[in-house]
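For reference, the structure discussed in these notes is given below.
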Amino acid sequence: MSDFLTAFVGAGNMAKSIVGGMLSSAFDSSKLRASDPLQANRDSLRQLGVTTVSDSNSEAVRGVDVVVLAVKPQILKAVCNELQPVLNRTQLVLSIAAGVSEASLRAWLGEEPAIVRCMPNTPALLGSGATAVHGEAPLDARQRAQVERVLGAVGLVTWVDAEELLHGVTALSGSGPAYFFQFMEAMIDEAQRMGLSEKDARDLCAQTCIGAGRMVAESDVSAAELRRRVTSPGGTTERAVAVFSEEGLEDLVRRAMRECYTRSQELAEELA
């Protein structure tokens, strides 16, 4: 599809990542706008050819096709109230603000624009993100293509059938990078206790994580089957995996994800 006018309200790290991904995929920089109160944020995008404004979010979004709301959830209501008078029914609004429901967005933005909620994660900063999206109402083919063009520039895009599922996405991919970081932190620390240098431990752990992730993503079998295939009877891996099972790793992961899920629901109520 041809490039379309896109405005970013907020030019922080996630917005910069999405812009960078779009430009890397040959998106025309002249079709991009951004607003942000911080000059440093505006300058970093301006250097990429993006038109920026400092004092008017409304000016940035007027007449564009897609609006990306990339501000903190705590200030989103005020931002939406500012934008509401200038938005129209031909426009598509993508919100990447965690915890803010579609009902709240609709109340703040009015009845005109189409609304899509997006749940990205921090690996989007490297173009390796995983983003789940849900549209408030059925979107036409053009709007779905616009969503995928914007968010697909920084990684995988998955559509979910119900907004409620975004709480589960938060517990899985939204917060998931932190789970892996903590697990890797423990592995790197123990490897150093076994004599490896910090650099070697870090490099080997990181590459192992990348490789295991690719095997899950690119294989036609389950993660459970991949684990079984690498766990030889009586071998070293079996000894390690047995400790995880004995100590209840699976239950611990489920409990952690459930707490994350519950907190996501609580935040949605607090931000309504």
Side-chain angles (χ1 to χ4, degrees), residues 10 12-21 24 70 72-74 96-99 117-133 151-158 160 165-219 222-224 226-227 230-231 236-237 239-268:
N13 288 333
M14 190 61 73
K16 293 173 190 174
S17 299
I18 297 172
V19 168
S24 295
K72 294 183 183 301
Q74 293 80 4
I96 65 174
R117 274 192 65 193
C118 317
M119 177 53 64
N121 63 5
T122 54
L125 301 175
L126 300 177
S128 297
T131 304
V133 296
L151 299 173
V154 291
L156 174 75
V157 176
T158 297
V160 296
L165 294 175
L166 292 178
H167 295 302
V169 170
T170 299
L172 178 61
S173 57
S175 297
Y179 312 159
F180 288 104
F181 295 151
Q182 187 166 5
F183 195 81
M184 292 169 72
E185 181 183 4
M187 290 178 67
I188 292 167
D189 181 67
E190 187 58 27
Q192 290 180 78
R193 294 176 186 275
M194 294 173 174
L196 276 72
S197 70
E198 180 180 4
K199 182 180 186 306
D200 286 347
R202 178 187 174 99
D203 290 348
L204 288 167
C205 185
Q207 187 59 38
T208 299
C209 185
I210 292 168
R214 285 192 60 186
M215 289 183 73
V216 172
E218 299 174 19
S219 175
S222 67
L226 290 172
R227 175 183 55 77
V230 76
T231 308
T236 57
T237 305
R239 183 76 65 87
V241 171
V243 174
F244 289 144
S245 296
E246 291 166 5
E247 296 297 326
L249 176 64
E250 293 83 357
D251 287 340
L252 185 62
V253 171
R254 293 188 184 99
R255 284 171 47 208
M257 290 182 65
R258 182 58 59 177
E259 286 296 320
C260 185
Y261 179 91
T262 300
R263 182 56 183 151
S264 178
Q265 293 176 315
E266 292 170 352
L267 284 172

To check you understand the geometry: which heavy-atom pair defines the closest contact between [X] and [Y], and what is its length?
{"X": "Cys260", "Y": "Ser175", "answer": "SG-OG, 3.3 Å"}
{"X": "Ala153", "Y": "Ile18", "answer": "CB-O, 4.3 Å"}
{"X": "Val160", "Y": "Ala132", "answer": "CG1-CB, 4.3 Å"}
{"X": "Gly21", "Y": "Val154", "answer": "CA-CG1, 4.4 Å"}
{"X": "Val157", "Y": "Val133", "answer": "CG1-CG2, 4.1 Å"}
{"X": "Asn121", "Y": "Gly129", "answer": "OD1-CA, 3.4 Å"}

To the nearest 0.5 Å, tell me how far [X] [atom1] sits from [Y] [atom2].
{"X": "Met187", "Y": "Thr208", "atom1": "CE", "atom2": "OG1", "result": "6.0 Å"}
{"X": "Thr158", "Y": "Leu151", "atom1": "OG1", "atom2": "CG", "result": "11.0 Å"}
{"X": "Arg193", "Y": "Asp189", "atom1": "CZ", "atom2": "CG", "result": "4.5 Å"}
{"X": "Cys118", "Y": "Ile96", "atom1": "SG", "atom2": "CD1", "result": "7.5 Å"}
{"X": "Ser128", "Y": "Leu156", "atom1": "OG", "atom2": "CG", "result": "11.0 Å"}
{"X": "Glu198", "Y": "Ile188", "atom1": "CD", "atom2": "CD1", "result": "8.0 Å"}

Holding to side chain to side chain contact (heavy atoms under 4.5 Å, CB included), I want the full list of residues that pass it with Glu247, two or more places apart in sequence or in another chain.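 Listed in chain order: Val243.
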
List for me each residue that meets side chain to side chain contact (heavy atoms under 4.5 Å, CB included) alongside Gln265, sequence neighbours excluded, and say none if there are none.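 Here the qualifying residues are Glu164, His167, Tyr261.
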
Are there over 12 heavy-atom neighbours, none belonging to Gln182, within less than 6.0 Å of that residue's CD?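 Open: at most 12 neighbouring heavy atoms sit under 6.0 Å from CD of Gln182.
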
Does Arg202 CZ have over 12 foreign heavy atoms under 6.0 Å away?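 Atom CZ in Arg202 is not crowded, with 12 or fewer foreign heavy atoms closer than 6.0 Å.
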
Is any side-chain heavy atom of [X] closer than 4.5 Å to a side-chain heavy atom of [Y]?
{"X": "Met14", "Y": "Pro120", "answer": "yes"}
{"X": "Leu226", "Y": "Val216", "answer": "yes"}
{"X": "Glu250", "Y": "Phe244", "answer": "no"}
{"X": "Thr131", "Y": "Met119", "answer": "no"}

May I ask you to decide whether Asp251 forms a salt bridge with Arg255, counting only side-chain N to carboxylate O separations under 4.0 Å?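 Answer for the salt bridge query: no.
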
Donor-acceptor contact present, side-chain Ser173 to main-chain Gly176, <3.5 Å: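 Looks like no, no N/O pair under 3.5 Å.
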
Stepwise, does the side-chain contact (heavy atoms from CB on, under 4.5 Å) test hold for Met184 with Cys209? CA-CA 8 Å; Met184 292 169 72; Cys209 185; 4.0 Å; yes

